[in-house]
Undergrad: 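A single structure is presented below for examination.
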Number of protein chains: 2
Amino acid sequence: MRADARRNREKVLVAARELFARDGEGVQIEEIANHAGVGIGTVYRHFPTKGALLTEMVRTRFQRFTEIALAAEEIEDPYEAVATLFTESAIAVEGDAGFQLAMMGVEDLEWEGIEQEKAAFAAPASRIIERAVKAGAVRPDMSVDDIPMLMCGITSTMYFGPGGGEWRRHLDLILSGLRPN
Amino acid sequence: MRADARRNREKVLVAARELFARDGEGVQIEEIANHAGVGIGTVYRHFPTKGALLTEMVRTRFQRFTEIALAAEEIEDPYEAVATLFTESAIAVEGDAGFQLAMMGVEDLEWEGIEQEKAAFAAPASRIIERAVKAGAVRPDMSVDDIPMLMCGITSTMYFGPGGGEWRRHLDLILSGLRPN
DNA sequence: TACTATACGGAAACACGATTCCGTTTGTCA
DNA sequence: TGACAAACGGAATCGTGTTTCCGTATAGTA
């Protein structure tokens with residue numbers, strides 16, 4: 001690949017990241033191109049469709065979750081590990097409207113492309129939850145399948161709520177609801 | 001207003017209700033018209049824009065919340081009143097994807113049109129929360145402003161979650177998180 | 001029944017954004 | 001320094017869905 005091509009690809013990615021974070025799926029290709037300082041054609045040279053470009057954004061963000069889960073697994077206290085998993089994940093999503101919408105499932109992105117990332121996250125996350133359940137630190141019926149649901153709720157509060165950190169209260173309620181009985 | 005006009009207006013409303021519930025903001029005017037058995041022009045005769053029609057849908061649904069709040073206020077037990085308020089509201093939204101999206105704030109509807117309905121709901125809802133707080137049945141820091149946030153979370157679970165009633169678990173967690181300390 | 005204000009239907013005009021296409025420019029290599 | 005494949009820019013094209021417009025049909029009334 002030619003040097004300028006690699007450079008432009010990177011510029012497109014950076015611009016897309018910023019604008020997708022601000023506007024979600026609503027970003028226009030032309031705007032991304034302008035912001036990156038390249039032509040529309042160049043965007044299409046690197047990504048076959050708008051969806052492919054945005055899926056790329058989501059994939060990157062998702063990988064961050066896996067890092068967080070891996071780090072949380074190292075925490076001694078089983079409950080703290082769970083709390084950290086949720087809290088850090090929420091923080092990672094804060095300020096990225098596009099990803100928030102993606103988490104909520106309202107953007108029609110090609111989630112197919114990120115199965116692999118999902119699995120990579122599910123493994124450590126499962127271990128964290130299982131450990132907490134065994135230790136009696138959370139409800140006995142909690143499972144890894146609750147994570148998308150709960151994150152979805154927190155995320156939507158984040159997206160919907162006026163500016164501030166209202167989502168922290170929501171998270172707080174959920175964490176307290178997760179304690180046994 | 002001529003009799004046929006009134007009849008058609010009603011047919012449009014019914015069709016719009018059904019299709020908005022199924023597809024959200026994505027419904028097409030032509031589809032609504034076909035479903036109602038009228039022409040596109042007739043839809044526009046009764047509602048100046050698509051947004052005006054959909055706002056009408058949301059307004060109707062919202063009024064249902066007020067009825068629920070008013071009924072919940074009659075419940076003796078202060079905690080039960082809160083729990084009922086949330087549970088019944090959630091049930092009212094179940095199965096209406098359009099309204100779910102509206103609650104989550106992702107449809108760009110003209111919410112201005114429903115300020116009045118909002119206020120009508122806030123009054124009884126406030127009384128319910130205040131009573132529960134005074135009775136020590138919920139966290140002392142709970143307020144009526146938590147309702148949109150929490151409903152938003154529940155609603156998004158409903159929309160996002162695969163079919164079933166997963167949202168009941170989310171609601172369950174939230175209600176248990178709302179208990180004092 | 002004849003008249004007229006209303007209302008109707010749906011083809012056409014519009015709006016808007018994704019994607020294509022091709023003439024031009026640029027990086028790379030001999 | 002050519003030569004040429006790779007990459008670029010952005011006008012033009014296409015697709016899709018909303019809204020307008022106007023000739024036709026109908027309810028209501030004398």
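Residue numbering restarts at 1 for every chain, and letters A, B, ... go by the order of the sequence lines. Values in this document were obtained by computation on a predicted structure and should not be read as measured data. The figures here come from the full heavy-atom set of this structure, side chains too, leaving out hydrogens, waters and symmetry mates.
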Undergrad: Quick one, which residues of residues 49-59 of chain B touch DNA chain C with a heavy atom under 4.0 Å?
TA: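 Listed by number, there are none.
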Undergrad: Taking NZ, NE, NH1 and NH2 as the nitrogens, is one of them in A:R22 or A:E31 under 4.0 Å from a carboxylate oxygen of the other?
TA: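 Between A:E31 and A:R22 there is a salt bridge, with a charged N closer than 4.0 Å to a carboxylate O.
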Undergrad: By nearest atom, which of the nucleotides D:dG28, C:dT26, C:dT6 is closest to the A:R2 side chain?
TA: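 Nearest to the side-chain atoms of A:R2, counting from C-beta on, is C:dT26.
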Undergrad: If we only count heavy atoms from C-beta on, is the A:E166 to B:D146 side-chain gap below 4.5 Å?
TA: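 They are not in side-chain contact.
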Undergrad: A:R7 and A:E10: salt bridge (charged side-chain N to carboxylate O under 4.0 Å, His left out), yes or no, with the steps?
TA: CA-CA 5 Å; A:R7 216 163 32 239; A:E10 199 48 44; over 6 Å; no
Undergrad: Report the relative orientation of the aromatic rings in A:F121 and A:F62; use parallel for angles under 30°, tilted for 30 to 60°, perpendicular for over 60°.
TA: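 Perpendicular, since the angle between the ring planes exceeds 60°.
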Undergrad: For A:M151, does its backbone N or O pair with a side-chain atom of A:T155 as donor and acceptor, under 3.5 Å?
TA: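 Yes, because the side chain of A:T155 sits within donor-acceptor range (under 3.5 Å) of the backbone of A:M151.
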Undergrad: Answer with yes or no whether the hydrophobic clustering places B:I129 together with B:L70; edges join I, L, V, M, F, W, Y residues whose side-chain heavy atoms lie under 4.5 Å apart.
TA: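 As far as the 4.5 Å side-chain criterion goes, B:L70 and B:I129 are not connected within one cluster.
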Undergrad: Just to be sure I understand the geometry, which residues of residues 5-34 of chain B put a non-hydrogen atom under 4.0 Å away from DNA chain C?
TA: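 Correct list: B:A5, B:N8.
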Undergrad: Indicate yes or no for a side-chain donor-acceptor contact from B:D96 to the backbone of B:F99 under 3.5 Å, with no hydrogens or angles considered.
TA: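 Confirmed, B:D96 side chain pairs with B:F99 backbone.
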Undergrad: Of the non-hydrogen atoms in A:S176 and B:R139, which two are nearest, and what is the gap between them?
TA: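 Smallest interatomic distance, heavy atoms only, reads OG-NH2, 4.0 Å.
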Undergrad: In whole angstrom, what separates B:D4's CG from D:dA27's C1'?
TA: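 Spelled out: CG on B:D4 to C1' on D:dA27 is 6 Å.
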Undergrad: Are any of B:T42's side-chain N or O atoms less than 4.0 Å away from OP1 or OP2 of C:dA7?
TA: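 No.
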Undergrad: Using heavy-atom distances to pick each residue's nearest nucleotide on DNA chain D, tell me which of B:M1 and A:G39 is more 5'.
TA: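 Of the two residues, A:G39 wins.
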Undergrad: Might you point out which heavy atoms bring A:R6 and A:M1 nearest each other, and give the distance in Å?
TA: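 In this case the closest contact between A:R6 and A:M1 is NH2-O, 3.6 Å.
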Undergrad: Can you give me the N/O atom pairs linking the protein to nucleotides 12-14 of chain D at distances under 3.5 Å, or say none if there are none?
TA:
none

Undergrad: Would you say D:dA7 has OP1 or OP2 under 4.0 Å from some side-chain N or O of A:H46?
TA: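 Answer no for this pair, as no side-chain N or O of A:H46 is under 4.0 Å from OP1 or OP2.
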Undergrad: So, does B:R45 get its side chain near the phosphate of C:dC8, meaning an N or O under 4.0 Å from OP1 or OP2?
TA: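 The answer is yes; a side-chain N or O of B:R45 sits under 4.0 Å from OP1 or OP2.
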Undergrad: Any salt bridge between B:E67 and B:R64, counting N to O under 4.0 Å?
TA: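 A salt bridge is present here (some side-chain N lies under 4.0 Å from a carboxylate O).
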Undergrad: Ion pair present between B:E56 and B:R59, side-chain N to carboxylate O less than 4.0 angstrom?
TA: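 Salt bridge flag = yes for B:R59 with B:E56.
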